[in-house]
Structures are given as C-alpha cells and as structure tokens.
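Presented below is the structure to which this report refers.
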Protein chains: 2
Amino acid sequence: MNKRTEQKQNTRQLILRTAKACFIDKGFLETTTAEIASRAEIAHGTLFLHFKTKEILIVEILDNELEQVNDKIQTLIARTADISSALKVYLDFLEREEDLFSVLARELPFYPDALRGKILFREAIIRNHFQQIIKEGINRDELRDIDPIQAITFLFSTLNYYLSMRKIFREEQESVIGKFRDKVIKTFLQLIEKG
Amino acid sequence: MNKRTEQKQNTRQLILRTAKACFIDKGFLETTTAEIASRAEIAHGTLFLHFKTKEILIVEILDNELEQVNDKIQTLIARTADISSALKVYLDFLEREEDLFSVLARELPFYPDALRGKILFREAIIRNHFQQIIKEGINRDELRDIDPIQAITFLFSTLNYYLSMRKIFREEQESVIGKFRDKVIKTFLQLIEKG
DNA sequence: GTACTCAGTGACCATGTACTCACTAAAAGG
DNA sequence: CCTTTTAGTGAGTACATGGTCACTGAGTAC
C-alpha cells in the first residue's frame, strides 16, 4: 500500500473512532458532523470525503458495534444453558457496553426503519435464547407455567427503561445496570421460578 | 368582556387545540411552530404573540393534560383498593389516552429537566398507589413476598416499552395497550400472586 | 524534473426553524 | 368623529447544520 492510501485509511479510522466517541457522549441524533470534524481535527469537508452522509457514517459504526455484540452473544449462548448464569453474563455485557446501549435505548424509536430493524434483530436473537432456556425449564417442570415471551418482555423492558433513564438514575459515573442488577435478577427469578 | 379580549381568548384556545393535535400526530420535538400556525390558519407571528416560546406552549399544553390525568388518577385511587381492578382502570385510561402517552414515552428522555420532572412526578403518584396496594396485600399475606417497587417497575417499564414502540407493534389504528393488556395483566398477576 | 492525481481544505450553500418587528386595520375610548 | 390601543400579519432575521466545490499541495508515475 502506498503512502497516500495508507494515510487515507488512517483518516478514515480516525473519523470512525472520533465519531463513536461523540455518539457515545451525546447520542447519534444530537451529534453534529461539524463537531466530529472539529474533535478529530480535520476539515468539515474531509468527513464527507470518507462518508457521503451522516447516516452512512452512523450505520457503519453501528454495524461494527453490532457485529461485536453478535460475537459476544454467540459466546453467551454457547456457554449458558441455565437462566441464572445467562442473566449474569448478559447483564455483565450490558454493563460493559452501557454507554452505547443507553444511547440506543433512548434513540431507537427515532432511527430510520432499516437501522432500527437491524438493532431489534440482534436483540431478538438474545431474547430468543432466553426464551428457549425458559421453555425448556417449563417443560422439565422446573419453572412456573408462565408465558416465556411475556416474561422476557418484562425483563428487557425494565433494562431498557433503566438504560434510557440513565441520566436520572445514576449518580456520578456509576453504572445503572450495576446499580439495579441484583434487584432485577431477583424479581425476574421470582417471576419464573417455582415456590 | 369586550370584543377584542374575547377574540384574543378564542385565538389562544384555537392555538392550544391545534398544537395539541399536531403534537399528538408528530410529537412535541418534531412539530414546528410554522406547522401549528398553518394548521390553525393564523400567521406564524400570531403564535408568538400568545406564547413567547415553543417550550412555553408545550408546557402549557402538558400542564393541562397532566391536570386531567391527575383528576382521573384521584378517581382511580378512590375507587380501587385491589390490584386487579386498579390495573384494569389504569390500562383503560392509558388506552384512551394512548395517542398522547406514546409520544411521552418516546420523547421523555429528550425533554428539558423541568418538564420531564413534572411528568415523572405524576407517574410517581400512580406508581405509589399501586405499590401501596401491593404492600398491603403482602402484609395481609395474600400476595407473594416480592419487592413492590421492582414489581411496579417491571409493569410500568413494559407498558412504556409497548407505548414507545407503538408504531412497530400496532397494526392499522388499533391500540397497543388493548393488544397486549390481557397478557401483561396475566403475567404481572403471576409475578405478585401466590400459587 | 515535469505532469498528473487525489486527500484534504474551508469558505460557501441550501434548508429548516424559532423568533422579531414595522406595519395594518379593527375596536375602544373620549 | 378623531385618536389611541392592540390583535394580527408575514416578510425578514439569526442561527444551526448537513452537505458541496473550487482550490491546494504533497505524493505518484513517467
């Protein structure tokens, strides 16, 4: 690769890194292209040389992120066959990626259909994994006879709620997921476990 | 009252009515002042004669709405001492006002602090009513020994989720709350009831 | 060494939107 | 009546923001 294309790749990566940082700070909707350019210390026009529109930039970043999410989910699915440990692994994951997921939780209803679809599709895979575990538990008569879909909706909605209201719930730089994880796990287990 | 002030009041009410309709259609954030003026068939400038800023207009409308919400809640609280009927009354209420509440569910994280605070305060009153009923149920040993706050958070988060994702979940002009009410009630009762 | 290529630049443009203000005309007042 | 007041008007302003384009200068090819 010659000097020129190498430099071009560097700039492209710089834009991606900087944009991701901006988006995590302020959300996709409220970050401006001028802001990204300024923070990356490049000209405003340079950004559009690499990404024709702001949306294309957002989609590329989210695709990258969701790809990594997908990998972690595969691990999660492979390793966890009981709810309790699956829950723990998933909440650990959410807590680590909380900066990004709280943005998604808030902004999801405002994204263009295609983008929202992608995000919901990833979520559906995780939901489905949990549902399967619960179904099997019910079949083995180890869990209560509840609707797995509804149970999972309760769980995911609650996590979504904490994430979207993050700025209200968390003090300082603490994690909302960390703050509520024990209570959420406990109540959710009460919902599905017998006795 | 003379002709002038009477006409002024009429215009003011016209703006309030029209703005409310616009906000319900497109949300507070995406409705423009020009749109409201055009739909009300008044000059753009007239709007600012009656409401100094868009935010003041929004706050006035939401205060009106929340006031009515408050009245209905008082009735709800007065009439319902058991969860099952309180739930039904509340979901009926949500279903009737779904147009407005789905906007609030989506946009809440983006409102200025004071406005969001007002909305959450009203919600807190309702949550608190439910929590009291559950606490009493637990004390009388009629309900399971769960954390009332967490149980209510599960319920409200789920309703919030359905409302904010309304455009995905509902087909045609049907109500999301109507669509999911039975399942939500059933699962919630399983969470809190014994057996 | 010379001509060509293209990443990068930043002033500029188009658009959208909240808000203003000089003006108009109808109503109020004496 | 004639003057004053004021609801209403709508062109205009200020600003934000996504996106463009003629130009520059370092790198590449010959």
Side-chain angles (χ1 to χ4, degrees), chain A residues 1-62 103 107 110-115, chain B residues 1-62 103 107 110-115:
Chain A
M1 199 191 299
N2 66 21
K3 216 168 178 180
R4 235 185 217 163
T5 44
E6 190 187 347
Q7 179 53 36
K8 193 176 183 184
Q9 287 311 307
N10 287 344
T11 305
R12 191 187 155 82
Q13 290 308 314
L14 172 64
I15 293 172
L16 285 170
R17 273 202 315 279
T18 313
K20 188 186 161 189
C22 290
F23 290 147
I24 279 176
D25 282 356
K26 302 188 55 182
F28 292 90
L29 303 178
E30 284 173 276
T31 299
T32 66
T33 49
E35 222 173 312
I36 298 168
S38 148
R39 194 156 153 182
E41 292 178 303
I42 58 170
H44 193 191
T46 306
L47 195 151
F48 294 95
L49 188 72
H50 291 267
F51 303 93
K52 260 187 117 61
T53 69
K54 183 187 173 188
E55 188 176 332
I56 288 173
L57 172 61
I58 292 179
V59 168
E60 171 137 356
I61 288 181
L62 264 180
V103 170
E107 296 187 345
F110 299 97
Y111 291 160
D113 286 358
L115 187 54
Chain B
M1 201 193 298
N2 66 24
K3 215 169 178 179
R4 236 183 214 166
T5 45
E6 190 186 347
Q7 180 52 37
K8 193 176 183 184
Q9 288 309 308
N10 288 345
T11 305
R12 190 187 156 82
Q13 291 307 315
L14 173 64
I15 294 172
L16 285 170
R17 274 202 315 279
T18 312
K20 188 186 160 188
C22 290
F23 290 147
I24 279 176
D25 283 355
K26 303 187 54 181
F28 291 90
L29 303 177
E30 283 174 276
T31 299
T32 66
T33 50
E35 222 173 314
I36 297 168
S38 149
R39 195 157 154 183
E41 292 179 303
I42 57 169
H44 195 189
T46 306
L47 195 150
F48 294 94
L49 189 71
H50 291 267
F51 303 92
K52 261 185 117 59
T53 69
K54 183 186 173 189
E55 188 176 333
I56 287 173
L57 172 60
I58 292 178
V59 169
E60 171 137 353
I61 289 181
L62 264 181
V103 170
E107 296 187 345
F110 300 97
Y111 291 159
D113 287 357
L115 187 53

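Just so you know, these numbers use all the heavy atoms, side chains as well, and skip hydrogens, waters and symmetry mates. Throughout, protein chains are lettered first and strands after them, A, B, ... in sequence-line order, and every chain is numbered starting at 1.
R12(A) pairs by the side chain to side chain donor-acceptor pair (under 3.5 Å) definition with E60(A), not counting sequence neighbours. Taking the salt bridge (charged side-chain N to carboxylate O under 4.0 Å, His left out) definition, one finds that E35(A) meets it with K26(A), sequence neighbours left out. In this structure, the side chain to side chain donor-acceptor pair (under 3.5 Å) partners of T33(B), at least two apart in sequence or on a different chain, are H44(B). Listed by chain and residue number, D25(A) satisfy the salt bridge (charged side-chain N to carboxylate O under 4.0 Å, His left out) test with R39(A) (two or more places apart in sequence, or in another chain). Qualifying salt bridge (charged side-chain N to carboxylate O under 4.0 Å, His left out) partners for K20(B), counting only residues two or more places apart in sequence or in other chains: E65(B). With sequence neighbours excluded, no residue forms a side chain to side chain donor-acceptor pair (under 3.5 Å) with R17(B). Taking the ring pair (Phe, Tyr, Trp, His ring centres under 6.0 Å) definition, one finds that F51(B) meets it with nothing, sequence neighbours left out. Partners of T18(A) according to the side chain to side chain donor-acceptor pair (under 3.5 Å) rule, which considers only residues two or more places apart in sequence or in another chain, do not exist here.
Listed in residue order, the members of residues 47-59 of chain A having a heavy atom less than 4.0 Å from DNA chain C are L49(A), H50(A). The stretch residues 6-33 of chain B comes close to DNA chain C through T31(B), T32(B), T33(B), each having a heavy atom under 4.0 Å from the strand.
Each of I42(B) and R4(B) has a nearest nucleotide on DNA chain D; the 5'-most of these lies closest to R4(B). If G45(B) and N2(B) are placed on DNA chain C by their nearest nucleotide, the residue sitting closer to the 5' end is G45(B).
Base pairing annotation: dC30(D) forms a Watson-Crick or G-U wobble pair with dG1(C), both donor-acceptor distances under 3.5 Å.
Note: CD (E41(A)) to P (dG10(C)) measures 12 Å, nearest angstrom.
Taking the side chain as every heavy atom from C-beta outward, L16(A) and L57(A) approach each other to under 4.5 Å. Counting heavy atoms from C-beta outward, F23(B) and I36(B) have side chains that approach closer than 4.5 Å.
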Detail all sub-3.5 Å separations between protein N/O atoms and N/O atoms belonging to nucleotides 13-15 of chain C.
none

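Residue E55(A) places its CD atom among 12 or fewer non-hydrogen atoms of other residues, nucleotides or ligands, all under 6.0 Å distant.
For DNA chain D, the span of nucleotides reached by chain A at under 4.0 Å from its heavy atoms goes, 5' to 3', from dT17(D) to dT28(D).
Ring centroids of F28(B) and F110(B) are separated by 6.0 Å or more, keeping the two rings apart.
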